[in-house]
J.: 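Let me begin by handing over the structure; questions about it come next.
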Amino acid sequence: MKLQELKLKIKDEFKNTLIELGYFEEGLQIELESPKDKSNGDYSSNIAMKLARIARKAPFKIAEEIVEKFDKTEVFVSEIKVANPGFINIYLDKAFLTEIINDINSQGEEYGTLDLGKGERLNIEYVSVNPTGSLHIGHARGASAGDSLSRIMKKAGYDVTREYYVNDAGNQINNLALSIQARYLEICGIPTEMPKDGYHGPEIIESAKRFFDEFGTKFVNNKNAFEFFKENGVQNLLNELIKDLKDFGVEFDVWFSEKTLYENNLVAKTVEFLKENNFTYEFEGALWLKTSNYNDEKDRVIVKSDGTYTYVTPDIAYHKNKLERGYTMLIDILGGDHHGYIDRITAALEMVGGKSGILEIEILQMVKVLQNGEEVKMSKRSGKAITLRDLIDEVGVDPIRYFFAMRSLNTHMDLDLDLALKQTNENPVYYVQYAHARINSIFNTAKSKGFNVDDLPTTFTTLSSDKAFELISLLANFEDALRQSAIQRAPHKVTNYINSLASAFHSFYNDEQVITADHTNTMERLALLKATKTILKIALNLVGVSAPNKM
RNA sequence: GUUUCGGUAGCUCAGCUGGAUAGAGCAACGCCCUUCUAAGGCGUCGGCCGGGGGUUCGAAUCCCUCCCGGAAUGCCA
């Protein structure tokens with residue numbers, strides 16, 4: 001029997017007891033919570049306190065009556081007792097608790113897969129930065145969050161597609177082409193002024209240089225030059241971006257090109273659809289979408305008076321396309337500066353046939369970067385930014401991924417760059433990875449001492465210490481942590497869990513010698529540690545952090 | 001002005017579907033390696049949980065209100 005089932009049975013037994021005592025009323029919710037402090041039991045119930053007013057009795061007294069009547073024989077309860085001011089604390093049978101070790105060891109890294117997603121087809125879109133320059137630290141947060149959430153949702157049983165929307169059409173791309181062209185001409189010895197809204201980052205110069213290396217001065221006086229730089233410049237920068245993301249442990253299943261929306265006439269068709277269904281009107285020469293009918297604060301222009309589209313228009317077509325591809329859930333992860341965009345796109349999505357609530361938008365707050373105590377402003381246009389590449393090279397992937405994964409999505413983060421670069425050893429990621437490496441090292445020692453670590457015990461008679469059972473109880477909590485993390489779209493819940501598991505292990509390790517002359521005891525502890533190691537690895541993988549065997 | 005996110009230890013942040021003495025890391029101080037990795041453990045120090053009201057047996061958590069900070073408020077993307 002699994003822990004979840006047992007929990008239900010215990011609730012049933014509570015219900016029976018309450019009925020017997022005459023306290024039960026229809027609609028009364030019986031809840032079991034896991035106390036923070038394990039000395040208060042594996043589960044506890046506040047039911048006596050809830051009943052106090054209805055029954056007009058002191059909660060402590062009611063609790064005592066319940067405890068008296070509670071039949072613990074069939075529900076693996078070893079002890080049930082009352083605590084002030086009226087909590088009922090339940091202690092489970094140790095033999096039952098140790099079952100979790102077998103569950104984990106028999107399933108290995110498959111352990112913990114949930115069926116929360118039950119056939120849902122989920123599309124998660126994240127990063128989606130215009131390919132007009134290098135990724136910076138803010139994008140890194142988006143990449144990290146999107147990737148971690150994707151992994152978590154997948155583990156929770158959703159059918160996940162990870163998608164990147166490539167803005168390879170529109171004004172910014174023209175500016176990019178002009179910027180590269182200007183740099184290219186400079187390299188060819190023709191001083192050229194950068195366009196007004198040009199991009200000044202070093203990656204633009206590098207891109208131009210690459211074209212020069214390959215084609216020489218071929219595009220100096222060439223009427224196709226602009227088209228060439230547009231086409232290849234985007235590809236060039238996109239390749240860099242893909243590489244950076246991949247090195248950051250972030251990959252995508254679908255790279256969706258905005259250009260193809262136009263090529264397939266989807267934007268025009270979407271506008272047509274909106275017109276035909278009476279969702280639009282003309283005003284001052286522009287075409288407006290009645291988003292205010294769907295909770296947006298005002299209507300939005302989708303075709304400007306000069307006949308061109310606003311940026312939302314292709315976005316609507318894009319999201320409509322997602323619907324047509326059969327997804328039952330859509331999640332967009334966007335930066336904090338896009339929060340005004342939520343209402344209009346959800347409104348538009350309903351107009352094109354999306355069920356209300358099908359699109360969820362997770363907003364990531366900004367990362368404030370501090371250096372020498374001062375804020376470093378991030379700007380792609382100016383080219384002054386801490387790039388993802390710099391971070392990967394100087395800090396390393398694991399510390400950054402863990403750092404981002406520790407924070408909830410909607411907290412404003414301060415990142416002290418001097419600290420991140422210098423004191424990497426103090427990053428909590430090492431604490432957690434060290435736990436994994438330590439366990440591995442124990443196994444190496446055990447092997448060399450002749451223990452058969454491939455044939456670990458499945459019944460436990462010698463595990464008894466508090467530290468061991470704290471570890472066991474945390475192992476049992478993993479599924480719950482994963483579930484909460486998935487439901488709340490909160491990767492940092494997994495990270496918090498990892499931290500407490502690592503902490504419980506380190507504490508256990510310091511308290512007792514694993515490998516001793518007592519063969520049975522040693523083998524049982526090894527089984528416990530194997531399960532711990534597995535969970536650490538699974539959980540670290542969920543946030544995109546490696547689990548090294550040696551440090 | 002409006003919308004939105006935040007305000008918890010010296011710093012960076014958890015805890016927020018109400019529960020038991022408010023947690024972690026870093027910083028400061030003190031112990032613990034003849035034994036499986038000391039990137040570790042144990043302990044001390046440190047909090048009007050932004051202010052004020054309210055709901056409740058019980059509020060960091062829910063409601064109201066005010067204050068402070070970030071972001072957004074384009075026929076830019």
J.: Mind checking A:Ala83 for me? I need base, sugar-phosphate or nothing, with any heavy atom below 4.0 Å counting as a touch.
T.: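 Base contact.
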
J.: Can you sort out which residues in residues 281-291 of chain A have a heavy atom within less than 4.0 Å of RNA chain B? Ascending by number, please.
T.: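 Only A:Phe283, A:Glu284, A:Ala286, A:Trp288 qualify.
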
J.: Show, in sequence, the C-alpha distance, side-chain angles and deciding distance for A:Glu512 and A:Arg525, and conclude whether the salt bridge (charged side-chain N to carboxylate O under 4.0 Å, His left out) test is met.
T.: CA-CA 10 Å; A:Glu512 45 195 289; A:Arg525 282 178 171 142; 2.6 Å; yes

J.: Let's test your reading of the pairing rules: Watson-Crick or G-U wobble, both distances under 3.5 Å, then write RNA chain B as a dot-bracket string with ( ), [ ], | and dots.
T.: (((((((..((((.....[...)))).(((((.......))))).....(((((..]....))))))))))))....

J.: Hey, can you tell me if A:Tyr497 and A:Phe478 have their rings parallel, tilted or perpendicular (30° and 60° cut-offs)?
T.: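 Tilted, since the angle between the ring planes falls between 30° and 60°.
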
J.: Whole Å only: how far is the NE2 atom of A:His506 from the P atom of B:G25?
T.: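 To the nearest whole Å, that distance equals 11 Å.
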
J.: With a cut-off of less than 4.0 Å, is there a side-chain N or O of A:Thr411 near OP1 or OP2 of B:A14?
T.: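 Affirmative; the distance criterion is met.
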
J.: Using the side-chain heavy atoms of A:His492, tell me which of these nucleotides is nearest: B:A14, B:C13, B:A20.
T.: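 Among B:A14, B:C13, B:A20, the one nearest the side chain of A:His492 is B:A14.
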
J.: The side chain of A:Ile442 lies closest to which of these nucleotides: B:C36, B:A20, B:C5?
T.: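 Per side-chain heavy atoms of A:Ile442, the pick is B:C36.
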
J.: Given the rule in the side chain to side chain donor-acceptor pair (under 3.5 Å) test, do A:Asp398 and A:Gln433 qualify, once you have shown the distances and angles that lead to the verdict?
T.: CA-CA 10 Å; A:Asp398 285 341; A:Gln433 291 184 319; 2.9 Å; yes

J.: For B:A14 and B:G6, measure between their P atoms and round to the nearest Å.
T.: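 It works out to 9 Å between them.
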
J.: If you check every side-chain atom of A:Tyr431, which of B:G40, B:G19, B:C76 has the closest atom?
T.: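 That would be B:G40.
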
J.: With side chain to side chain contact (heavy atoms under 4.5 Å, CB included) as the criterion, how do A:Leu456 and A:Lys530 come out once you've worked through the C-alpha distance, each side chain's angles and the decisive distance to 0.1 Å?
T.: CA-CA 9 Å; A:Leu456 295 167; A:Lys530 188 180 178 192; 3.5 Å; yes

J.: The side chain of A:Phe87 lies closest to which of these nucleotides: B:G15, B:C36, B:G19?
T.: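 Nearest nucleotide to the side chain: B:G19.
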
J.: Sort me out a list of protein N/O and nucleotides 68-72 of chain B N/O pairs below 3.5 Å, or just none if empty.
T.:
from, atom 1, to, atom 2, distance (Å)
B:G69, N2, A:His412, NE2, 3.4
B:G70, N2, A:Gln365, OE1, 3.4
B:A71, O2', A:Gly336, O, 3.3

J.: What I want to check is whether the side chains of A:Ser485 and A:Gln488 have a donor and an acceptor closer together than 3.5 Å.
T.: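 Checked: A:Ser485/A:Gln488 side chains show no N/O donor-acceptor pair below 3.5 Å.
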
J.: Can you tell me how far P in B:C45 sits from the matching atom in B:G50, rounded to whole Å?
T.: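 Each nucleotide's P atom is 23 Å from the other's.
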
J.: Looking at B:C13, B:C5, B:C36, which one has an atom nearest to any side-chain atom of A:Arg407?
T.: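 Nearest listed nucleotide: B:C13.
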
J.: For A:Ser408 and B:A14, is the shortest distance between a side-chain N/O and OP1 or OP2 below 4.0 Å?
T.: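 So the side chain of A:Ser408 is within the cut-off, an N or O lying under 4.0 Å from OP1 or OP2 of B:A14.
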
J.: Out of B:C75, B:G6, B:U73, which nucleotide sits closest to the side chain of A:Lys298?
T.: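 Selected nucleotide: B:U73.
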
J.: So, is A:Arg438 near the phosphate of B:A39, with a side-chain N or O under 4.0 Å from OP1 or OP2?
T.: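 Answer no for this pair, as no side-chain N or O of A:Arg438 is under 4.0 Å from OP1 or OP2.
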
J.: What is the separation between atom CG on A:Leu32 and atom P on B:U17, rounded to the nearest whole Å?
T.: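 About 18 Å, once rounded to whole Å.
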
J.: Is the A:Tyr318 ring parallel, tilted or perpendicular to the A:Phe256 ring (thresholds 30°, 60°)?
T.: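 Because their plane-to-plane angle lies in the 30° to 60° range, the rings of A:Tyr318 and A:Phe256 count as tilted.
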
J.: Please classify the nucleic acid contact of A:Asp511 as base, sugar-phosphate, or nothing, using heavy-atom distances under 4.0 Å.
T.: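 Touches nothing.
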
J.: Below 3.5 Å is the cut-off: list the nitrogen or oxygen pairs between protein and nucleotides 54-60 of chain B, distance only.
T.:
from, atom 1, to, atom 2, distance (Å)
B:C57, OP1, A:Arg53, NE, 3.2

J.: With respect to the phosphate group of B:A38, does any side-chain polar atom (N or O) of A:Tyr509 fall under 4.0 Å of OP1 or OP2?
T.: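 Checking A:Tyr509 against B:A38: at least one side-chain N or O falls below 4.0 Å of OP1 or OP2.
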
J.: Stepwise, does the side chain to side chain contact (heavy atoms under 4.5 Å, CB included) test hold for A:Tyr309 with A:Tyr262?
T.: CA-CA 11 Å; A:Tyr309 300 123; A:Tyr262 293 101; 3.8 Å; yes

J.: Which pairs, protein N/O on one side and nucleotides 29-35 of chain B N/O on the other, fall under 3.5 Å?
T.:
from, atom 1, to, atom 2, distance (Å)
B:U35, O2, A:Gln513, OE1, 3.1

J.: Looking only at N and O atoms, is any donor in the side chain of A:Ser305 or the base of B:C75 less than 3.5 Å from an acceptor on the other one?
T.: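 Such a pair is found, so the answer is yes.
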
J.: Nearest to the side chain of A:Asp37, heavy atoms from C-beta on, is which of B:U21, B:U73, B:A14?
T.: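 The answer is B:U21, which lies nearest to the side chain.
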
J.: Can you list the steps and then say if A:Glu282 with A:Trp288 is a side chain to side chain contact (heavy atoms under 4.5 Å, CB included)?
T.: CA-CA 6 Å; A:Glu282 284 191 37; A:Trp288 295 70; over 6 Å; no

J.: Measure up the A:His139 and A:His136 rings against each other and bin them: parallel (under 30°), tilted (30 to 60°), perpendicular (over 60°).
T.: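 Plane angle under 30°, so parallel.
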
J.: Salt bridge check: are A:Glu65 and A:Lys57 linked by an N-O gap of less than 4.0 Å?
T.: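 A:Lys57 and A:Glu65: salt-bridged.
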
J.: Under 4.0 angstrom, heavy atoms only, what part of the nucleic acid is A:Asn549 near: base, sugar-phosphate, or nothing?
T.: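 Base contact.
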
J.: Would you list the protein and nucleotides 42-46 of chain B atom pairs, both N or O, that sit under 3.5 Å from each other?
T.:
from, atom 1, to, atom 2, distance (Å)
B:C42, OP1, A:Ser507, OG, 3.3

